[in-house]
*Asks:* 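Dropping a structure here in structure tokens format, bear with me for questions.
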Amino acid sequence: MVETLSIAVIGAPGVGKTSIIRQFIYNDFSEVYTPTRTRYVYRPSVILNGNMYDLKILDLCDTGYVASHGGPGVRNANAYILVYDICCVESFEYVKMIRQQIVEHRYGQHEVPILVVGNKRDLQRQRFMPRRAVSVLVKKTWKCGYVECSAKFNWHIILLFKELLGIAVARGMRQNHTSIRLQGALQRNRCTIM
């Protein structure tokens with residue numbers, strides 16, 4: 001039996017949400033910025049600890065209050081990836097606001113996995129806050145996972161999806177994860193083994 005996991009990818013415009021998703025699924029990056037105008041759904045499959053999962057990755061445009069008003073796909077997501085640009089404090093403030101909305105909207109329900117992702121690590125020298133300070137805030141205070149990546153250079157893209165799926169599995173999505181392995185390269189229309 002294949003379980004479907006719905007993942008909402010949320011962040012301010014221009015932080016690299018679509019680029020992260022496209023690197024994960026197609027191993028592709030475009031230097032040309034094209035704003036996401038409408039919600040788009042990607043449906044890759046992954047294998048985690050011998051179990052197959054169909055992912056439903058929602059690539060969302062900026063709608064302001066997405067957690068409470070983003071439609072049933074967003075409100076009922078199994079997990080969230082909140083993306084910000086490590087060089088842009090406003091994008092981090094946006095993630096902070098969205099995380100708070102998710103927590104308030106999902107209050108009383110099971111704890112939904114949230115992974116905060118700092119993108120554009122290749123621009124490390126221009127960051128607005130030291131990585132350690134952000135990591136401590138996100139992990140200790142917000143109780144969320146944290147990963148930094150570079151969609152441009154495909155750095156830690158696989159890691160962030162492995163981290164999110166690991167959190168989801170550990171919180172009861174399927175079974176406890178003892179090891180997560182990645183085998184093979186990502187190619188179009190193929191299943192990713194993690």
Side-chain angles (χ1 to χ4, degrees), residues 7-25 28-40 42 57-71 73-75 77-107 111-168:
I7 302 168
V9 181
I10 305 170
V15 297
K17 299 176 298 293
T18 302
S19 294
I20 288 170
I21 296 167
R22 291 189 59 79
Q23 274 289 22
F24 177 64
I25 298 172
D28 176 52
F29 178 81
S30 174
E31 293 281 348
V32 179
Y33 172 63
T34 306
T36 302
R37 304 258 182 242
T38 184
R39 177 166 74 174
Y40 192 82
Y42 297 86
I57 302 174
L58 305 168
D59 184 6
L60 304 170
C61 57
D62 176 33
T63 58
Y65 298 97
V66 288
S68 55
H69 305 305
V74 177
R75 287 191 304 265
N78 299 111
Y80 296 90
I81 296 175
L82 306 183
V83 183
Y84 77 98
D85 176 344
I86 67 167
C87 304
C88 177
V89 69
E90 292 83 8
S91 69
F92 185 74
E93 291 299 321
Y94 183 86
V95 160
K96 190 178 188 180
M97 176 193 70
I98 295 300
R99 182 208 151 265
Q100 188 60 38
Q101 288 179 24
I102 293 168
V103 168
E104 289 171 4
H105 180 74
R106 305 287 293 253
Y107 181 76
E111 197 174 318
V112 64
I114 299 173
L115 181 67
V116 176
V117 175
N119 190 27
K120 303 188 182 181
R121 178 70 189 263
D122 50 294
L123 303 175
Q124 157 104 334
R125 294 177 190 250
Q126 300 167 31
R127 68 184 315 131
F128 68 85
M129 182 186 260
R131 185 196 63 77
R132 179 144 173 78
V134 177
S135 178
V136 167
L137 171 69
V138 170
K139 290 178 175 179
K140 302 275 189 213
T141 306
W142 295 1
K143 307 286 189 245
C144 297
Y146 182 72
V147 173
E148 287 191 356
C149 70
S150 169
K152 182 175 185 176
F153 292 107
N154 201 6
W155 186 75
H156 280 181
I157 299 299
I158 301 290
L159 176 68
L160 79 89
F161 282 93
K162 285 170 59 176
E163 180 79 14
L164 182 69
L165 290 171
I167 293 168

*Asks:* Would you say that Ile20 contacts Ile81 through its side chain, given a criterion of any heavy-atom pair below 4.5 Å between the two side chains?
*Replies:* no
*Asks:* To the nearest 0.5 Å, what is the distance between SG on Cys88 and CD on Glu93?
*Replies:* 10.0 Å
*Asks:* Can you tell if the side chain of Lys152 reaches within under 4.5 Å of the side chain of Gln23, non-hydrogen atoms only?
*Replies:*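 Contact flag for Lys152/Gln23 side chains = no.
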*Asks:* Among Ile7, Val9, Ile25, whose side-chain contact (heavy atoms from CB on, under 4.5 Å) with Tyr42 holds?
*Replies:* Ile25
*Asks:* Given the rule in the side-chain contact (heavy atoms from CB on, under 4.5 Å) test, do Val134 and Ile86 qualify, once you have shown the distances and angles that lead to the verdict?
*Replies:* CA-CA 10 Å; Val134 177; Ile86 67 167; over 6 Å; no
*Asks:* Show the nearest heavy-atom pair for residues Lys17 and Ala12, with the distance to one decimal.
*Replies:* NZ-O, 2.9 Å
*Asks:* Per the ring pair (Phe, Tyr, Trp, His ring centres under 6.0 Å) rule, what does the pair list look like for residues 129-159, sequence neighbours excluded?
*Replies:*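 Matches after skipping sequence neighbours: Phe92-Trp142.
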*Asks:* Where do Val112 and Ala77 come nearest, in terms of heavy atoms and distance?
*Replies:* CG2-O, 3.9 Å
*Asks:* Heavy-atom distance under 4.5 Å between the side chains of Val116 and Arg99, does that happen here?
*Replies:* no
*Asks:* Show me the pairs that pass salt bridge (Lys or Arg N to Asp or Glu O under 4.0 Å) and involve residues 138-147, at least two apart or across chains.
*Replies:*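 Non-adjacent pairs meeting salt bridge (Lys or Arg N to Asp or Glu O under 4.0 Å): zero.
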*Asks:* Return the minimal non-hydrogen interatomic distance between Val138 and Gly145, and the atom names on each side.
*Replies:*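 Taking every non-hydrogen atom into account, CG1-O, 3.5 Å.
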*Asks:* Could you tell me whether Phe128 atom CZ has more than 12 heavy atoms of other residues or ligands within 6.0 Å of it?
*Replies:* yes
*Asks:* Do any pairs count as a side chain to side chain donor-acceptor pair (under 3.5 Å) and have a residue in residues 113-123, sequence neighbours left out, and if so which ones?
*Replies:*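 Of all non-adjacent pairs touching residues 113-123, those that pass side chain to side chain donor-acceptor pair (under 3.5 Å) are Asp85-Lys120, Arg121-Gln124, Arg121-Glu148, Asp122-Ser150.
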*Asks:* Any salt bridge between Asp28 and Arg22, counting N to O under 4.0 Å?
*Replies:*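 Looking at Asp28 and Arg22, the cut-off is met.
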*Asks:* Assess whether side-chain contact (heavy atoms from CB on, under 4.5 Å) is satisfied between Leu115 and Tyr80, documenting all intermediate values.
*Replies:* CA-CA 6 Å; Leu115 181 67; Tyr80 296 90; over 6 Å; no
*Asks:* Calculate, to the nearest 0.5 Å, the distance between atoms CD1 and CD1 belonging to Ile98 and Ile10 respectively.
*Replies:* 6.0 Å
*Asks:* Nearest 0.5 Å please: distance from the CZ atom of Phe24 over to the CG atom of Asn154.
*Replies:*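 Between Phe24 CZ and Asn154 CG, I get 10.5 Å after rounding to 0.5 Å.
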*Asks:* Can you see which heavy atom on Phe29 is nearest to which on Ser19, and at what distance?
*Replies:*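 Nearest pair, atom of Phe29 first, then Ser19: CE1-OG, 3.7 Å.
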*Asks:* Taking the side chain as C-beta and beyond, is there a heavy-atom pair between Ile57 and Phe161 under 4.5 Å?
*Replies:*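 They are in side-chain contact.
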*Asks:* To the nearest 0.5 Å, tell me how far Cys144 SG sits from Leu137 CG.
*Replies:* 9.5 Å
*Asks:* Before you tell me yes or no, could you show the steps for Cys149 and Leu159 under side-chain contact (heavy atoms from CB on, under 4.5 Å), namely the whole-Å CA-CA distance, both residues' side-chain angles and the distance that decides it to 0.1 Å?
*Replies:* CA-CA 9 Å; Cys149 70; Leu159 176 68; over 6 Å; no
*Asks:* Identify the heavy atoms of Thr38 and Thr36 that sit nearest to each other, and give their distance.
*Replies:*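 Looks like O-CG2, 3.2 Å.
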